[in-house]
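Structure record follows, encoded as structure tokens.
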Amino acid sequence: MARARAQPRKPAKAKLRNGEIADALDEIADLLDLQSANPFRIRAYRNGARTVRGLGVEISELISQGRDLSELPGIGKDLAVKLVTLAETGKVTLLDELRRAVPPIATELLHLTGLGPKRVRALYEDLDIHSLEQLRRALLDGRVGELPGFGPKLVASLKESIAAGSAPSRRFPRAAVRGTVEHLVAHLEAAPGVERVIVAGSYRRRQETVGDIDILATAEMTKPIMDRFVGYGEVAKVLAEGPTRSTVVLRSGIQVDIRIVPDESYGSALNYFTGSKAHSIALRQLAQKRALKLNEYGVFKGKRRTAGKTEQSVYEALGLTYIDPELRENRGEIEAARAGTLPKLVERRDLRGDLHAHAATADEIAAMAKAARERGLDYLGIAERAEGLDPRRLAQQIAAMDRWNAKGAAPRLLRGVEVDIREDGSLGLADEVLAGLDFVIGSIQTKLALSRQRQTERILRGMRHPRFAILAHPSGRLVEGRPPYDVEMDRVMRAARERGVFVELNAHPDRLELTEVQCRMAKEAGVLVSIASDATRAEELDDLSYGIDRARRGWLEKPDVLNSRPLAALEKQLAATRR
DNA sequence: GCCGTTTTCGGCCCGACTGTTTTCAGTCG
């Protein structure tokens, strides 16, 4: 985890962003841990950090709206004050004091596997270790091995960790591990005596990246499955192996956990292993309040199991309706389940078309159209990038689309263009060209580093253009790559609502623009979302499913999605954007 | 430090596995 102290020092007036505030709270928790403070106080800081990190709307934004931060889950009076101080000054007295009391190396050592607060304290108090180099020497000359609690295996593991350097914990794009997951599940399903094999964890919650793969199996006899698991050909290293739980690392570097339970515990085990951690903790707290106990084996009243065979039964026992895995982040889904107000999430089959595909020549257009038809789409918007698009080529494309439409076959092709919103907010194509099209997609493609204020004004001006219909690439980010550009998304959403235009959820697995929180912002603002493939090749139309994953994690329902509309309704929607 | 459909005080999610121990600390989800 990135430490706040590793960040460059900010000027005092700089407003801290949520990630930095959460890092500061986590660092306080680490330092309190090293001082053997009250464990529940430590947990309170960690809970606070998790709340802030998952918030989506900036703390500084809430402060300027005059909101009471102690209304946030896990934030009380004390933490609310510290959040304000951190957000506005970048500092907080408690953290400064703790940093003075504990050597700087301590928090770094805490993140080495096998080292917790007790052992780290022994290292700097008993051996006076204040750097990784000093630790390396103490490991080699045997001093560490003489400390109580440091055995030969731990010494060897620490030597390995230090030699390997501080490899940052890697996350893998979900799309990249799909093949591995399917192969491994098939491998395990062939084990004798296995009843069910299912992938849980963040993969099942359809997060865009996964840190590891979690597999649940049910069986009476666990050994045949466990043997088959650790004997899998791709396994590079077995980290832990027990009768019901094991962990391995595959050659690709990804970690895989397996858990085996009896079939009558399938639902509760799947629920526990799917997480998220925050969701699971909230459920277990809810169980406590009802004088029940929830664990991976079931829901218990005293010693008697009252539920657990299915996930449905677990939620029912807690007085909740079933919660889709994509929503399980403790971001209000439990309250909504209790109130019976959970969204009915959009599904792939709800999509009637796609409003952002690329095809230049007549042949490419026909191929893309046929691919769209095979995937059940009734309409397809072709929108080439405006740069390098001369009027003659655009006219040829339009002619090719008109010929396709004249045949009357599905899908209906809609004539669009993807145009840059210039730095001054004007659009990168002449008005008379734009006027001849069915729809105009506008996006930021240059000058991504403008200030928050200027970037926001630029987009707002762009959207006011009389032909503007859809804001595409609403963040400019690339998964595991380029960070998003800085923009006041809530202002953009409000302006989109007032202007009556739409926002795109770019489904390309490397992009996935429009975050989960931004999906919810769009929904709350009443802005329809266009889930778009941005396909340049026919098979990339399948990427729409990644857009659906994101939309579901963003609580979107069918009515929230522009391209869930049938063709006639969609054409009305587009017509209404024209001024 | 947070929190309240028994509670404003007295609780705080739960269990498996490893390593180093003979009762516990650390890690994971």
Side-chain angles (χ1 to χ4, degrees), chain A residues 25 28-29 32-33 36-51 69-83 94 109-122 144-158 169 200-205 207 210-216 222 226 238-248 255-261 265 268-300 318-319 328 330 338:
Chain A
L25 296 183
I28 290 174
L32 287 172
D33 213 350
S36 307
N38 176 355
F40 299 107
R41 187 179 173 214
I42 297 167
R43 186 190 295 172
Y45 279 97
R46 295 206 197 283
N47 289 343
R50 199 172 54 227
T51 292
L69 298 181
S70 68
E71 286 169 6
L72 297 172
I75 306 295
K77 279 207 164 65
D78 184 277
L79 276 181
V81 171
K82 288 193 172 69
L83 289 184
L94 175 62
L109 295 181
L110 268 186
H111 295 99
L112 292 178
T113 302
L115 289 188
K118 298 276 155 47
R119 287 173 181 150
V120 167
R121 253 174 87 173
V144 172
E146 289 166 5
L147 289 172
F150 288 80
K153 291 218 172 166
L154 181 56
V155 167
S157 144
L158 288 174
S169 61
S202 53
Y203 188 88
R204 180 164 182 248
R205 299 200 312 279
Q207 280 205 306
V210 297
D212 61 6
I213 298 170
D214 303 299
I215 293 180
L216 173 70
T222 66
M226 212 49 106
V238 179
L239 294 182
E241 185 182 0
T244 69
R245 173 171 204 152
S246 294
T247 301
V248 301
Q255 183 174 311
V256 187
D257 296 331
I258 193 169
R259 189 69 209 263
I260 309 174
V261 299
S265 296
S268 45
L270 180 58
N271 183 257
Y272 139 78
F273 220 26
T274 297
S276 64
K277 182 171 181 165
H279 180 84
S280 293
I281 289 175
L283 288 187
R284 287 173 178 193
Q285 286 171 339
L286 195 58
Q288 262 189 337
K289 280 181 205 154
R290 299 186 148 230
L292 300 169
K293 185 174 74 169
L294 170 62
N295 59 28
E296 55 265 53
Y297 297 109
V299 181
F300 295 88
L318 300 177
R328 299 182 193 171
N330 197 22
R338 185 162 35 207

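What you are looking at is a predicted structure, and each value in this text was computed from that prediction instead of being measured. Computed over heavy atoms, backbone and side chain alike; hydrogens, waters and symmetry mates excluded.
Backbone-only contact: A:Ile75 has heavy atoms under 4.0 Å from sugar-phosphate atoms and none from a base. Residue A:Phe273 is classed as a sugar-phosphate contact, given heavy-atom separations below 4.0 Å to backbone atoms only. Residue contacts for A:Leu115: at a heavy-atom cut-off of 4.0 Å it reaches the sugar-phosphate backbone alone, with no base atom in range. In this structure, A:Pro39 reaches neither bases nor backbone, as no heavy-atom distance under 4.0 Å exists between it and the strands shown. Note on A:Gly242: only backbone sugar-phosphate atoms sit closer than 4.0 angstrom, heavy atoms only; bases stay farther off. Counting non-hydrogen atoms under 4.0 angstrom, A:Leu216 reaches nothing in the nucleic acid.
For the pair A:Ile281 CD1 and B:dG11 P, the computed distance is 20 Å after rounding to whole Å. The CD-P distance, from A:Gln288 to B:dT7, rounds to 16 Å in whole Å. When rounded to the nearest whole Å, the span between CG of A:Leu109 and P of B:dG26 equals 13 Å. Atoms CG (A:Leu158) and C1' (B:dT18) sit 14 Å apart, rounded to a whole Å. Remark: P of B:dC3 and CG of A:Asp78 are 11 Å apart, rounded to the nearest angstrom. Rounded to a whole Å, the CD atom of A:Glu241 is 16 Å from the C1' atom of B:dG19. Note: NZ (A:Lys118) to C1' (B:dT21) measures 15 Å, nearest angstrom. One interatomic measurement links the two molecules: CG of A:Leu32 to P of B:dG1, which rounds to 8 Å at whole-angstrom precision.
Nucleotide B:dG29: paired with B:dC14 (Watson-Crick or G-U wobble, both distances less than 3.5 Å).
Between B:dG10 and B:dT6, the two C1' atoms lie 13 Å apart (nearest whole Å). Comparing B:dG11 with B:dT7, their C1' atoms are spaced 9 Å from each other, to the whole Å. Across B:dC17 and B:dT21, the matching C1' atoms stand 15 Å from one another, rounded to whole Å. Distance noted for atom C1' between B:dT8 and B:dG4: 8 Å (whole Å). Atom name C1', nucleotides B:dT27 and B:dT20: the rounded distance is 15 Å, in whole Å. The separation of B:dT18 from B:dT23, taken at their C1' atoms, amounts to 15 Å, rounded to a whole angstrom.
Without hydrogens or angle criteria, A:Ser268 side chain to A:Ser265 main chain gives a donor-acceptor distance under 3.5 Å.
Using modelled atom types, one finds no donor on one side chain facing an acceptor on the other under 3.5 Å when comparing A:Arg328 with A:Ser276.
Of the candidates B:dA16, B:dG1, B:dG26, B:dG1 carries the atom nearest the A:Lys82 side chain, counting heavy atoms from C-beta on. For A:Ala44, the side-chain atoms get nearest to B:dC2 when compared with the rest of B:dA16, B:dC2, B:dG15. Here the side chain of A:Leu154 is nearest to one of B:dC17, B:dG19, B:dG1, namely B:dG19. In the set B:dG15, B:dG26, B:dG29, B:dG26 carries the atom at the smallest distance from any side-chain atom of A:Pro117. Distances were taken from every side-chain heavy atom of A:Thr244 (C-beta onward) to each of B:dA16, B:dC2, B:dC28; the shortest belongs to B:dA16. The listed nucleotides are B:dG29, B:dG1, B:dA16; the one nearest the side chain of A:Asp257 is B:dG29.
By the 4.0 Å N-to-carboxylate-O rule, A:Asp33 lies close enough to A:Arg46 to be salt-bridged with it.
Judged by distance alone, with hydrogens and angles left aside, A:Asn38 brings a side-chain donor or acceptor within reach of the base of B:dG1, the pair sitting under 3.5 Å. No hydrogens or angles were tested; on distance alone, a donor-acceptor pair under 3.5 Å links the side chain of A:Arg284 to the base of B:dC14.
Between A:Ser280 and A:Ile42, the one whose closest nucleotide on DNA chain B sits nearer the 5' end is A:Ile42. Checking A:Arg119 against A:Ala240, the closest nucleotide of DNA chain B that is more toward the 5' end is the one next to A:Ala240.
The CD1 atom of A:Ile28 sits 9.0 Å away from atom CZ of A:Arg41, with the distance rounded to the nearest 0.5 Å.
In B:dT7 the O4'-C1'-N dihedral to the base is within 90° of 0, which defines a syn nucleotide.
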Requested in this report: Might you work through the side chain to side chain contact (heavy atoms under 4.5 Å, CB included) test for A:Ile215 and A:Arg259, ending with a clear yes or no?
Outcome: CA-CA 6 Å; A:Ile215 293 180; A:Arg259 189 69 209 263; over 6 Å; no
Query - From CA spacing to verdict: side chain to side chain contact (heavy atoms under 4.5 Å, CB included), A:Leu25, A:Leu79 - result: CA-CA 9 Å; A:Leu25 296 183; A:Leu79 276 181; 4.2 Å; yes
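Contact annotation: A:Lys293 reaches the phosphate of B:dG15 (side-chain N/O to OP1 or OP2, under 4.0 Å). The side chain of A:Thr247 places no N or O atom within less than 4.0 Å of a non-bridging phosphate oxygen (OP1 or OP2) of B:dC28. A:Arg245 has no side-chain polar atom (N or O) that falls below the 4.0 Å cut-off from OP1 or OP2 of B:dA16. When the side-chain nitrogen and oxygen atoms of A:Tyr272 are compared with OP1 and OP2 of B:dA16, none of them lie within a distance under 4.0 Å.
Annotation for A:Ser202 and A:Gly211: closest pair OG-N, 4.3 Å, computed over non-hydrogen atoms. The two residues A:Arg119 and A:Gly114 make their nearest non-hydrogen contact at NH1-O, 2.8 Å.
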